[in-house]
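Report on the following structure.
In what follows, chains carry the letters A, B, and so on, assigned in the order in which the sequence lines appear, proteins first and then strands, with residues in each chain numbered from 1.
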Amino acid sequence: MTTLRKILVTSALPYANGPIHIGHLVEYIQTDIWVRFQKLRGHRCIYLCADDTHGTAIMISAKKQGVTEEEFIAGTHEEHQRDFAGFDIEFDNYGSTNSDENRQLCGEIWQKIRAAGLVKEKDIEQLYDPEAGTFLADRFVRGTCPYCKKPDQNGDHCENPKCLKTFEPNELIDPVSTISGATPELRTAKHLFIELEQLHGFLNEWTKSGPLQDEVANYLNGHFLHEPLRDWDISRPAPYFGFEIPDSPGNYWYVWFDAPIGYIASTKQWCDRHGENLDDWWRSDDVEIHHFIGKDITYFHTLFWPAMLKSAGLSLPKKVRIHGFLTVGGKKMSKRDGTFVKAETYLNNLDPSALRYYYAAKLGPRLDDIDLNLQEFVDKVNSDLVGKVVNLASRSAKFVQSVGLSETYPDDGGLFVQGAEAGDLISDAYENCDYARAMRLILECADRANTFVEDAAPWNLRKDESKQQQLQDVCTVALNSFRQIVIYLSPVLPRLADQTAELLNDPIGPGDWDKSKTPLTGTPVAKFKHMMKRVEMKDVEKMIDESKAEAEASEPTASSQYNDSDEALKAEPLADECTIDDFMKVDLRVARVLTAEEVPEARKLIKLTLSLGGDVQKTVFAGIKAAYKPEDLVGRLVVMVANLKPRQMKFGLSEGMVCASGPGGADVFVLGVDEGAVPGQRVH
RNA sequence: GGGGCGGUAGCUCAAUCGGUUAGAGCAGCAAACUCAUAAUUUGUUGGUUGGGGGUUCGAGUCCCUCCCGCCCUACCA
């Protein structure tokens, strides 16, 4: 018997700004499977989470809806819990960072950090939105890049692939607040900082001591730890939705200070309900703390958070388990494509067990992105779960419905023992978060069991009155194999475990892993009921269509109300007035793309040969590589500046420009013309 | 600019320290079976492991170089 472990598990706190979607679910399903596995093994394990409720984005969203922040986050709290429950994600406590427990813990930890001499104050200059009355985080400012002069760039870096420079938001030319559209002004404010450099030695050692995947340790080393750590700006001036810092009135803890403390606050709530002592979980060497997070928040959990814990004398995580992002059909989830599927939309159309299994079958221990391929999703779930696993029960249960399982376990040629022996490997795979491997191993058991049934052919035995005992034995073997497999799968498919427990009259719950080692005999078998529906492609398509429709309804820019955002215009205001003569100097012509080829050495250029009709051709280098594939351009009619002075570029002579709109990068939209236009026509 | 990760069959992924002929599943093809949700079983077609060079008795794996993709770069969460 393995020693009992005491394990505390968290998933990242979902931001209370929006609904749970299938991308989030990768993490919660991954964590829930791990927790259920630990409980199945008989370990003491609690799973904690909470809504992350603070920060500027919440303020803006609440304001948009015309409610208070508290009302706003209460709404999401309900929704989130409902969605998680719908996917059988079972938290031991689901709290909120906007709780009394969290406020108090933040204060206690803050005092420890203060006492350790890690806090210092600095005045910093930051852009302020006078209309919205708030300081602006980088992402809420856009303007023209100070280096390459490209308009409408982010507050802290230029997206122009040729430039890519980083800068401070106040260096932007013509900055605009994306909250109000106002021109921000530079103001000075006092901020509090944590001097992380004091903990550099500790972090160096800790990151290399085993809590992290290798690539994460490498990344931290190559990216942060190779040079002095910068001070971490931990406060935000009012107005800010969060906790005011007790010893620094008017300043609030930055959301990334109070968010991870939310893990502890959630534990506190659980402890209070169960008469436990918080220190037994967060200041005890007996407890393993495991954080499951996405790769986007790596450094918060692997630098800042351990630094906080260390300074406050709290336990450090034993593992930070980092996973990649979800892509759908090989691309980022997209509202426009309907692949940004909310949990609720999924549940309206499909079985949560299907997604739990599919994710399990794709999740490895590393932080690679995982791809949801819809066709594969349908095929895999149907083939593995319905065709192989559930099939074992549905092809044998009804033969023994009246007699139950044999009193003694019959000779099965070693099938059950082989399955039991696989248990250790499966257990290791779960422990290491290599669910893909676990699923492969489990499916091998199912394959062997199906072959056994095939060879034993119970459908022939039942016809022969003298072979009824043999029939019962064969089905006893098949159903025991099925049960063994379901025990292995129960962290992934708790519903299937419950149904199997009912079928075979024997529960599968916490501590029951070892039931996979002993066959069940002499119990009645209930009437077989369908355990899982096949996934139908039409339901998947319906889900995608609904997601598309939701996106269109909520996306003002895409709606038929022409409720277009003013962002583009603000980012690039109208130019000075010009005369018709000025305009006529520019000779715009319709042109046909004859050839289009990528310029291999160029990051953003496509080389185009444009025809103006007859023999007149122009070569143009267009910066649209990130947005278009050459083959998609050939044959199209475009609008070009035909009398532009030719320009010698690194890759050849460019004899004009193709007209396009958009901020750049992948967001470039080449102008087309309506049906009927022909190359060479002038645009007036 | 700096940094991290990756590229293996049509698709999704394996391959322990560098060690037999690079393996599975799905899809495809051929057959068997009819208990089961068009399920299952058997057989089978798919590969210059992104390109090039090197080290080695031996390279998907190590080194160099080039190409391609994804991600990160601390006052967004």
Side-chain angles (χ1 to χ4, degrees), chain A residues 12-18 52 54-58 124-127 135-140 154-157 163-166 168-169 189 191 193 196 213-224 226-227 229-237 254-256 259 295-300 303-304 324-325 327 330 332 361-362 364 366-371 373 375-380 382-388 390-399 436-437 439-440 443-444 447 450-455 457-462 471 474-475 478 528 530-534 600:
Chain A
L13 312 186
Y15 200 48
N17 198 22
D52 178 16
H54 292 154
T56 318
I58 299 281
I124 67 161
E125 288 192 317
Q126 201 179 357
L127 291 177
F135 281 94
L136 293 167
D138 293 1
R139 81 176 265 204
F140 296 114
N154 279 322
D156 60 351
H157 73 276
C163 177
L164 290 173
K165 290 215 166 53
T166 57
E168 296 297 316
H191 279 232
F193 291 78
L196 286 172
Q213 288 123 307
D214 288 344
E215 58 266 52
V216 177
N218 291 345
Y219 150 73
L220 294 173
N221 190 46
H223 207 277
F224 298 93
H226 69 293
E227 59 183 9
L229 292 165
R230 282 184 249 164
D231 297 334
W232 182 31
D233 186 349
I234 202 66
S235 74
R236 297 291 180 274
Y254 170 43
V255 41
W256 266 110
K295 64 182 180 182
D296 51 334
I297 53 177
T298 297
Y299 58 73
F300 291 106
L303 295 177
F304 302 168
F325 295 146
T327 57
K332 275 186 187 168
K362 303 278 282 195
R366 318 216 319 137
L367 45 70
D368 303 329
D369 290 350
I370 73 166
D371 185 50
N373 179 302
Q375 185 61 55
E376 189 201 27
F377 169 68
V378 173
D379 291 344
K380 191 156 191 64
N382 289 342
S383 164
D384 288 0
L385 292 186
V386 181
K388 290 177 175 171
V390 173
N391 187 230
L392 273 173
S394 74
R395 71 192 308 197
S396 55
K398 75 170 193 189
F399 294 142
R437 181 172 156 76
M439 296 308 109
R440 274 198 306 278
L443 260 291
E444 281 174 17
D447 284 339
N450 272 308
T451 307
F452 172 88
V453 174
E454 200 72 17
D455 291 344
W459 51 94
N460 289 333
L461 298 174
R462 83 178 160 146
L471 173 64
V474 167
C475 294
F528 181 78
H530 266 211
M531 293 179 159
M532 193 171 282
K533 270 211 316 236
R534 299 178 63 77

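Contact between the side-chain N/O atoms of A:Tyr299 and the OP1/OP2 oxygens of B:rU73 is found at a separation under 4.0 Å.
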(message) Within the 4.0 Å limit for protein heavy atoms, which parts of nucleotides 27-39 of chain B are touched? Write it as a string from 5' to 3', B for base, S for sugar-phosphate only, - for none.
(response) ------SSBBB-S
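Rounded to whole Å, the P atom of B:rA36 lies 25 Å from the corresponding atom of B:rG43. On the C1' atoms, B:rU49 is 5 Å away from B:rG60, given to the nearest whole Å. Only the P atoms considered, B:rG6 is 32 Å distant from B:rU45, to the nearest whole Å. Between the P atoms of B:rA27 and B:rC68, the separation comes to 36 Å (whole Å).
Position along RNA chain B of the nearest nucleotide to A:Tyr219 versus A:Trp232 favours A:Tyr219 as the more 5'-ward residue.
Between A:Phe304 and A:Trp256, the distance separating the two ring centers is not shorter than 6.0 angstrom.
Looking at every heavy atom in both residues, A:Val390 comes nearest to A:Phe528 through CG1-CZ, 4.4 Å.
Nucleic acid contact for A:Asp447: sugar-phosphate only, since backbone atoms but no base atoms lie under 4.0 Å from a heavy atom of the residue. Nucleic acid contact class of A:Asp52 (heavy atoms, under 4.0 Å, all strands): sugar-phosphate only.
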(message) Pairs counted only when both distances fall under 3.5 Å, Watson-Crick or G-U: show me the 5' to 3' dot-bracket for RNA chain B, [ ] for pseudoknotted crossings and | for other-strand partners.
(response) (((((((..((((.....[...)))).(((((.......))))).....(((((..]....))))))))))))....
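Annotation: the span from A:Ile124 atom CD1 to A:Asp231 atom CG amounts to 11.5 Å, rounded to 0.5 Å. Rounded to the nearest 0.5 angstrom, A:Thr56 OG1 and A:Arg236 CZ are separated by 7.5 Å.
Between B:rA77, B:rC70, B:rC5, one nucleotide has an atom nearer to the side chain of A:Asp296 than all others, and that is B:rA77. Among the nucleotides B:rC13, B:rG25, B:rU73, the one closest to any side-chain atom of A:His223 is B:rU73.
Judged by atom type and distance alone, A:Arg440 does not reach the base of B:rA24 through any side-chain donor-acceptor pair under 3.5 Å.
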